[in-house]
Peer 1: 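The structure that follows is given in the form of structure tokens.
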Amino acid sequence: MTKSLAVSLYLIALSLTSIPVSSYTFIGCTDIHKYKPQPNDPKAHYAGGTSAGCATYCSSLGTPYFYNQYNTGTCYCSSVSPSANQYTNGSGDQAGCEGSDYEIYAMKDHIKSFKLEGCYTTITTSQNPGSKPTLEACFASCPSSKSVIFSPNSDTNTFDCKCDPSANINSPGGGTTTCGEYGWFAYSRSFSDRRMEDKRRLDKQMVLDQHVEECQEEEEEANGTLSDLTKVVVETVIDLCFV
Ligand SMILES: *[C@@H]1O[C@H](CO)[C@@H](O)[C@H](O)[C@H]1NC(C)=O
Ligand SMILES: *[C@@H]1O[C@H](CO)[C@@H](O)[C@H](O)[C@H]1NC(C)=O
């Protein structure tokens with residue numbers, strides 16, 4: 001039983017680590033000239049350039065950002081967010097960045113509870129923190145706002161920063177534009193950080209419940225047809241499922 005207990009604990013650990021605990025937020029595009037990965041940045045490849053694969057990999061390593069080159073499937077986990085002058089123009093996430101440009105995503109707390117609503121030419125808000133050196137500083141200056149809006153200014157290498165207590169994006173007479181330098185990236189909060197925590201806990205519980213349920217079903221199924229061969233299978237299943 002010691003061995004099966006070990007197997008069970010291993011399975012629990014496995015199911016906990018394989019849950020996509022992290023949501024991730026698109027924060028822009030950069031290119032191979034403006035962005036060079038740090039020498040020790042973890043690197044991976046995902047067929048089809050899927051950002052979900054890159055997110056799962058980097059979230060297991062705990063890095064707050066990742067850079068995903070959609071057309072080659074190359075993924076870099078990073079602790080560095082883009083500076084304003086690293087931005088290139090692109091229509092949005094999931095292959096929206098041009099050619100061999102990288103999609104950049106944040107998994108950092110606070111930023112990751114926001115979702116990109118679109119990019120705009122003009123935005124009106126009630127709170128205007130103004131020019132900030134980093135994206136983090138912009139989001140940090142709007143701690144309880146339901147929307148946060150920034151514009152990368154490559155001349156000054158700073159982010160113009162606005163926010164609002166409402167989640168509605170107010171773009172009078174403006175219109176949507178391609179995301180990139182000088183455009184306004186508009187985000188609204190999709191989950192509170194508190195609700196993210198609750199959801200994460202619920203996801204874990206669901207996976208555990210599901211695991212136990214699957215095991216009972218497998219056990220019953222295996223018991224139905226008891227040849228010598230299936231006996232071994234049954235025992236293995238019971239062993240693996242001992243929780
Ligand atoms: C990116 O778009 C902005 C405005 O939408 C424009 O001013 C800028 O010149 C564009 N940059 C490039 C490199 O095309
Ligand atoms: C399957 O069979 C074994 C031994 O024959 C028994 O101990 C076990 O309780 C059975 N499991 C189920 C789910 O029927």
Side-chain angles (χ1 to χ4, degrees), residues 24-38 41 49-51 54-55 64-76 78 80-108 111-112 114-142 145-164 166-190:
Y24 50 103
T25 299
F26 176 74
I27 54 171
C29 301
T30 188
D31 67 25
I32 55 171
H33 306 293
K34 292 177 172 166
Y35 166 73
K36 304 282 183 210
Q38 309 280 305
D41 280 349
T50 164
S51 55
C54 191
Y65 298 97
F66 65 91
Y67 292 71
N68 186 53
Q69 195 179 36
Y70 187 88
N71 72 349
T72 63
T74 307
C75 157
Y76 289 102
S78 174
V80 183
S81 70
S83 58
N85 64 8
Q86 282 181 305
Y87 270 76
T88 55
N89 292 348
S91 57
D93 62 352
Q94 295 293 358
C97 300
E98 285 162 22
S100 60
D101 287 4
Y102 291 95
E103 305 161 353
I104 318 166
Y105 293 89
M107 293 188 292
K108 196 178 169 57
I111 300 180
K112 75 180 178 192
F114 286 84
K115 170 174 160 283
L116 179 67
E117 298 293 346
C119 292
Y120 296 83
T121 50
T122 59
I123 288 280
T124 303
T125 53
S126 63
Q127 300 160 333
N128 296 283
S131 172
K132 298 286 167 193
T134 61
L135 271 181
E136 290 92 334
C138 176
F139 278 87
S141 66
C142 303
S145 311
K146 291 228 176 65
S147 54
V148 175
I149 297 118
F150 69 78
S151 174
N153 185 324
S154 53
D155 293 332
T156 57
N157 196 19
T158 58
F159 293 89
D160 295 328
C161 184
K162 300 183 175 205
C163 38
D164 203 274
S166 152
N168 295 327
I169 308 301
N170 184 12
S171 174
T176 55
T177 184
T178 302
C179 296
E181 47 177 4
Y182 309 115
W184 290 98
F185 288 67
Y187 293 82
S188 68
R189 198 189 280 276
S190 52

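Values below: every heavy atom of this structure, side chains too, minus hydrogens, waters and symmetry copies. For ligands, and for the atoms within them, numbers begin at 1 and follow the listed sequence.
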Peer 1: For atom 5 (O) of ligand 1, which protein heavy atom lies nearest, and how many Å away is it?
Peer 2: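 Result for atom 5 (O) of ligand 1: T177 OG1, 4.0 Å.
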
Peer 1: Would you say the ring centers of Y24 and Y105 fall short of 6.0 Å from each other?
Peer 2: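 Under 6.0 Å, so yes.
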
Peer 1: Between the side chains of T30 and Q86, is a donor N or O closer than 3.5 angstrom to an acceptor N or O?
Peer 2: no

Peer 1: I want to know if ligand 1 touches T178 in the polar sense, i.e. an N/O pair below 3.5 angstrom.
Peer 2: no

Peer 1: Evaluate N89 for polar contact with ligand 1, using N/O atom pairs at a separation under 3.5 Å.
Peer 2: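 Among all N and O atoms of N89, at least one is under 3.5 Å from an N or O of ligand 1.
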
Peer 1: I need the full list of side-chain hydrogen bond (donor to acceptor under 3.5 Å, both in side chains) pairs touching residues 166-181, with sequence neighbours left out, sorted by first then second residue.
Peer 2: S154-E181

Peer 1: Taking only residues two or more places apart in sequence or in another chain, which ones pass ring-ring contact (aromatic ring centres under 6.0 Å, His included) with Y76?
Peer 2: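 If we apply the ring-ring contact (aromatic ring centres under 6.0 Å, His included) test to Y76, skipping adjacent residues, there are no hits.
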
Peer 1: Among D155, T121, N89, find the one that has a side chain to side chain donor-acceptor pair (under 3.5 Å) with Y182.
Peer 2: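 The single option meeting the side chain to side chain donor-acceptor pair (under 3.5 Å) with Y182 is D155.
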
Peer 1: Which residue and atom name correspond to the protein heavy atom nearest atom 7 (O) of ligand 1, and how close is it?
Peer 2: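 That would be Y182 CD1, 3.9 Å.
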
Peer 1: To the nearest 0.1 Å, how far is atom 9 (O) of ligand 1 from its closest protein heavy atom, and which atom is that?
Peer 2: E181 OE2, 4.3 Å

